[in-house]
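These notes concern the structure reproduced below.
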4 protein chains.
Amino acid sequence: MSKPREEKYHAILDAATEAFALYGYFTCQVSKIAKLAGVADGTIYLYFKNKEDILVSLFSDRMGKFIQEILHSVVQYQTTQEKLLCIIRTHFRYLQENRSLAIVTQIELRQSDPKIREAISGPLRDYFHLIEQVLAEGIEREEIVLADVKVGRQMFFGTLDAVISDWVSSKKPRPLEGIEDLVFDLMRGAFRIKE
Amino acid sequence: MSKPREEKYHAILDAATEAFALYGYFTCQVSKIAKLAGVADGTIYLYFKNKEDILVSLFSDRMGKFIQEILHSVVQYQTTQEKLLCIIRTHFRYLQENRSLAIVTQIELRQSDPKIREAISGPLRDYFHLIEQVLAEGIEREEIVLADVKVGRQMFFGTLDAVISDWVSSKKPRPLEGIEDLVFDLMRGAFRIKE
Amino acid sequence: MSKPREEKYHAILDAATEAFALYGYFTCQVSKIAKLAGVADGTIYLYFKNKEDILVSLFSDRMGKFIQEILHSVVQYQTTQEKLLCIIRTHFRYLQENRSLAIVTQIELRQSDPKIREAISGPLRDYFHLIEQVLAEGIEREEIVLADVKVGRQMFFGTLDAVISDWVSSKKPRPLEGIEDLVFDLMRGAFRIKE
Amino acid sequence: MSKPREEKYHAILDAATEAFALYGYFTCQVSKIAKLAGVADGTIYLYFKNKEDILVSLFSDRMGKFIQEILHSVVQYQTTQEKLLCIIRTHFRYLQENRSLAIVTQIELRQSDPKIREAISGPLRDYFHLIEQVLAEGIEREEIVLADVKVGRQMFFGTLDAVISDWVSSKKPRPLEGIEDLVFDLMRGAFRIKE
DNA sequence: TATGAATGAGTTTTCATTCAT
DNA sequence: GATGAATGAAAACTCATTCAT
């Protein structure tokens with residue numbers, strides 16, 4: 001892929017993120033994405049197979065980067081406690097810096113259309129896997145107490161997700177920085193992490 | 001509202017719940033709901049203003065009953081510990097018995113369309129409020145330790161939601177009964193509930 | 001199929017015949033057929049699966065009737081000579097009375113699109129078969145002399161087709177009645193029919 | 001026209017013949033022709049005004065050569081009998097050697113689009129004219145008996161055309177050489193040519 | 001000349017909604 | 001009230017043609 005080609009590809013993906021966040025996938029016409037990206041409608045189809053492909057690409061590209069960033073940050077820490085805190089912080093920071101992506105994630109993560117779900121579920125599963133790994137390791141090292149890794153992950157991710165959900169739907173959201181420690185404190189209790 | 005009128009109203013709502021769960025709101029045609037309800041397409045419009053109104057009614061009706069049931073159950077308990085466990089159990093049991101509603105909730109709870117969001121958010125806010133009340137009361141009575149009621153609710157609801165989300169998307173879900181205690185144990189830790 | 005339903009079905013088919021004759025299949029928009037038939041665009045799709053289905057139905061319906069009429073007429077005659085003359089006359093008369101059908105036949109009979117070809121070829125093959133049967137019978141009864149039935153049919157049909165082709169493309173065509181005898185005289189010579 | 005320019009012109013025309021034969025004029029995209037010709041899409045428009053112009057040029061060029069070849073061959077013969085046989089043979093041989101052209105001719109000869117028809121009709125009319133001339137001369141010289149030259153031409157051309165039509169649509173066509181004599185024998189009867 | 005990325009007009013088809021019966 | 005045939009607005013997508021390089 002040449003430089004200008006890649007640039008336009010990402011311009012369209014950026015525009016789609018904005019547009020999907022604003023209108024939702026189904027309510028958003030391809031022409032709106034095109035206008036936002038500053039290209040003609042037909043140009044979209046030089047870069048994406050169809051509308052669905054835009055959404056799918058958006059997820060694998062953006063979510064991929066999100067997971068990548070979290071993975072990259074987590075490996076710098078040793079203890080389970082640090083790792084969990086790191087995930088919380090990176091999760092919040094990344095989505096705070098990419099509000100439209102956060103919205104799209106919130107909205108479209110739950111599409112029922114089987115084809116879309118399937119395409120989306122990939123990166124998310126990776127994330128779930130990472131969390132579960134950290135928890136399993138924590139149990140093994142006896143740094144945390146947890147009866148069921150899957151339920152542990154559900155609580156951990158569900159909490160972050162609920163926080164983001166509120167933040168996203170709030171008109172004037174308070175910065176997520178202030179919440180990190182509150183969330184972490186709950187996790188410390190839930191996972192019986194010693195002081 | 002006369003008896004037979006009310007019957008048909010609920011028949012359509014039941015059909016819509018099934019159909020939305022199966023296809024998703026946007027992908028589901030009104031004619032599919034009509035067929036499932038055993039009425040003509042036009043009949044739908046004698047009971048609902050438009051397609052959106054079906055979704056909105058579905059939420060206020062079904063979610064309303066859901067909240068009602070939880071409220072009703074919770075008041076039978078005294079301690080915060082018991083109340084939280086009661087919510088967990090009722091939440092899981094109700095959605096387990098109404099799988100289609102659970103799916104619709106998961107999927108459509110996060111519509112971006114502002115009109116739909118607004119309509120949906122009512123019953124949900126009631127639920128959030130209930131949880132927060134229980135938590136606030138628990139703090140006051142010193143039965144739990146919690147720095148921020150809102151974050152506490154986000155964790156509590158987010159966890160239940162994530163469990164349901166996994167359960168809903170699993171082809172062969174394990175019964176939710178086995179998970180209740182695991183979830184509650186995590187909450188006990190998070191909220192520092194004494195044994 | 002109820003009465004009014006069948007009426008509209010044929011109204012659309014009539015309109016399509018006119019429109020395809022006027023513009024050609026590809027150049028003719030579905031909306032033009034709808035306007036000509038006096039129905040809304042969407043109504044077309046209550047009666048036909050898609051644009052292609054209109055063309056296919058047109059052929060099986062119209063060509064079917066055409067063949068039917070020829071078959072019906074031919075059985076009334078005994079000698080090969082009479083039968084061939086009957087085919088010539090019926091062929092000319094039918095298409096003269098259905099000029100648009102004649103045009104559509106001329107134009108679309110030769111579509112390259114495999115799906116369309118296949119659908120169209122059915123009724124035509126029936127016609128070819130009929131002609132070949134008459135010729136084979138004539139040979140057997142020694143009423144005509146002909147080395148190869150297929151080539152005989154090609155000449156017979158090709159001649160009629162070429163006449164119609166000229167007639168169709170002429171702005172002010174001379175009536176086909178005057179040509180029947182000329183054509184038949186050529187056939188008589190070609191097939192060595194005795195006086 | 002310089003040499004290399006002319007080469008590319010014909011390369012495009014060759015490619016168009018193949019592509020139109022394969023897909024049909026309307027179903028064939030200009031980009032397919034370009035790819036087949038080994039040039040860029042835009043290059044096509046340095047040699048042809050538009051898509052239609054390719055088809056038109058194809059006919060005047062290819063059909064022109066076709067007529068030329070027939071004309072050239074026919075003048076070598078004296079008697080009407082010989083001339084007609086020569087036309088049959090050349091017609092069959094030329095199209096057998098240019099199957100794609102034969103297909104395109106069969107398919108597109110009958111376009112309804114008036115502009116296309118007009119452009120195509122030129123070379124065809126020349127051909128018709130040639131046949132009619134041979135026939136008129138035959139009548140004059142009393143080598144054939146024929147009441148109407150136009151109908152005679154219609155039969156003559158229609159027969160050749162029908163043979164080609166069958167040959168073109170057959171997956172495994174028998175060689176046309178075997179048919180020449182069969183066809184000629186029919187013509188001899190039709191035109192009352194003496195032995 | 002040659003390229004091929006970009007354009008945007010144009011077309012088929014769907015489907016929520018209406019309304020005559 | 002109930003029906004379901006008819007409507008027509010709306011939207012995804014295609015592709016002939018252009019033009020900056």
Side-chain angles (χ1 to χ4, degrees), chain A residues 2 4-5 7-9 12 26-35 37-54, chain B residues 2 4-5 8-9 12 25-35 37-54, chain C residues 2 4-5 7-9 12 26-35 37-54, chain D residues 2 4-5 8-9 12 25-35 37-54:
Chain A
S2 69
R5 177 165 176 83
E7 260 169 42
K8 201 160 279 187
Y9 175 86
I12 294 171
F26 286 104
T27 320
C28 171
Q29 299 96 308
V30 172
S31 63
K32 279 205 179 117
I33 301 174
K35 183 174 272 183
V39 299
D41 291 19
T43 306
I44 302 270
Y45 292 88
L46 298 175
Y47 293 85
F48 300 92
K49 214 161 75 266
N50 48 36
K51 191 183 174 186
E52 188 185 312
D53 187 35
I54 303 175
Chain B
S2 71
R5 175 163 178 85
K8 202 163 276 188
Y9 175 87
I12 294 171
Y25 175 72
F26 286 104
T27 320
C28 173
Q29 299 94 309
V30 173
S31 63
K32 272 198 184 128
I33 301 174
K35 181 176 270 184
V39 300
D41 292 18
T43 306
I44 301 266
Y45 291 86
L46 298 174
Y47 295 84
F48 299 92
K49 210 160 81 261
N50 50 35
K51 190 183 176 186
E52 188 185 312
D53 186 36
I54 304 175
Chain C
S2 69
R5 178 164 175 82
E7 260 169 43
K8 201 160 277 187
Y9 176 85
I12 294 172
F26 286 104
T27 321
C28 170
Q29 300 94 310
V30 173
S31 63
K32 279 204 180 118
I33 301 173
K35 184 174 271 183
V39 300
D41 292 18
T43 306
I44 301 269
Y45 291 87
L46 297 176
Y47 293 85
F48 300 92
K49 216 162 72 264
N50 49 35
K51 190 183 175 186
E52 188 186 312
D53 187 36
I54 303 175
Chain D
S2 70
R5 174 160 179 86
K8 202 162 276 189
Y9 176 87
I12 293 172
Y25 176 72
F26 286 104
T27 321
C28 172
Q29 298 94 309
V30 172
S31 63
K32 273 198 184 126
I33 301 174
K35 182 176 270 183
V39 300
D41 292 17
T43 306
I44 301 266
Y45 291 85
L46 298 174
Y47 294 85
F48 300 92
K49 211 160 82 265
N50 49 34
K51 191 184 177 186
E52 189 186 311
D53 187 36
I54 303 175

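Order of the sequence lines fixes the chain letters, A, B, ..., with proteins taken first and strands second; residue numbering starts at 1 for each chain. Just so we're clear, the structure is a prediction, and the values are computed from it rather than from any experiment. What you see below is based on every heavy atom in this structure, not just the backbone, and it leaves out hydrogens, waters and symmetry mates.
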Could you state the atom-to-atom distance from [atom1] of [X] to [atom2] of [N] in whole Å?
X: D:Lys35; N: E:dT3; atom1: NZ; atom2: C1'; result: 15 Å
X: C:Phe26; N: F:dA16; atom1: CZ; atom2: C1'; result: 16 Å
X: A:Ile44; N: F:dA11; atom1: CD1; atom2: C1'; result: 14 Å
X: C:Phe48; N: E:dT12; atom1: CZ; atom2: C1'; result: 16 Å
X: D:Tyr47; N: F:dA16; atom1: OH; atom2: P; result: 20 Å
X: B:Gln29; N: F:dG4; atom1: CD; atom2: P; result: 18 Å
X: D:Tyr25; N: F:dA16; atom1: OH; atom2: C1'; result: 10 Å
X: D:Tyr9; N: E:dT1; atom1: OH; atom2: P; result: 15 Å

Using Watson-Crick and G-U wobble pairs whose two distances are both under 3.5 Å, how do you write the pairing of DNA chain E as dot-bracket, with | for links to another strand?
.||||||||||||||||||||
Side chain D:Lys32, main chain D:Thr27, donor-acceptor under 3.5 Å:
no
Side-chain (D:Lys51) to main-chain (D:Tyr25) donor-acceptor, under 3.5 angstrom
yes
Tightest non-hydrogen contact, residues D:Asp41 and D:Ser31, listed as OD2-CB, 3.3 Å
Which atom of D:Ile33 lies closest to which atom of D:Ile12, heavy atoms considered:
CG2-O, 3.9 Å
Between F:dT7, E:dA5, F:dT3, spot the one nearest the side chain of A:Leu46, thanks.
E:dA5
Compare all side-chain heavy atoms of C:Lys8 with those of C:Thr43 and state whether any distance is below 4.5 angstrom.
yes
Would you say B:Tyr47 and B:Asp53 make side-chain contact, with heavy atoms under 4.5 Å?
no
When A:Gly38 and D:Ala40 are each assigned the nearest nucleotide of DNA chain E, the 5'-most assignment goes to D:Ala40
Applying side-chain hydrogen bond (donor to acceptor under 3.5 Å, both in side chains), name anything that partners D:Asn50, two or more places apart in sequence or on another chain.
none
Using a cut-off of under 3.5 Å, enumerate the N/O to N/O pairs linking the protein to nucleotides 17-21 of chain E.
from   : atom 1 : to      : atom 2 : distance (Å)
E:dT17 : OP2    : B:Tyr45 : OH     : 2.9
E:dT17 : OP2    : B:Lys51 : N      : 2.9

Give, for atom OH of D:Tyr45 and atom CD1 of D:Ile54, the distance between the pair rounded to the nearest 0.5 Å.
6.5 Å
Under 4.0 Å: is that the gap between some side-chain N or O of D:Lys8 and OP1 or OP2 of E:dA2?
yes
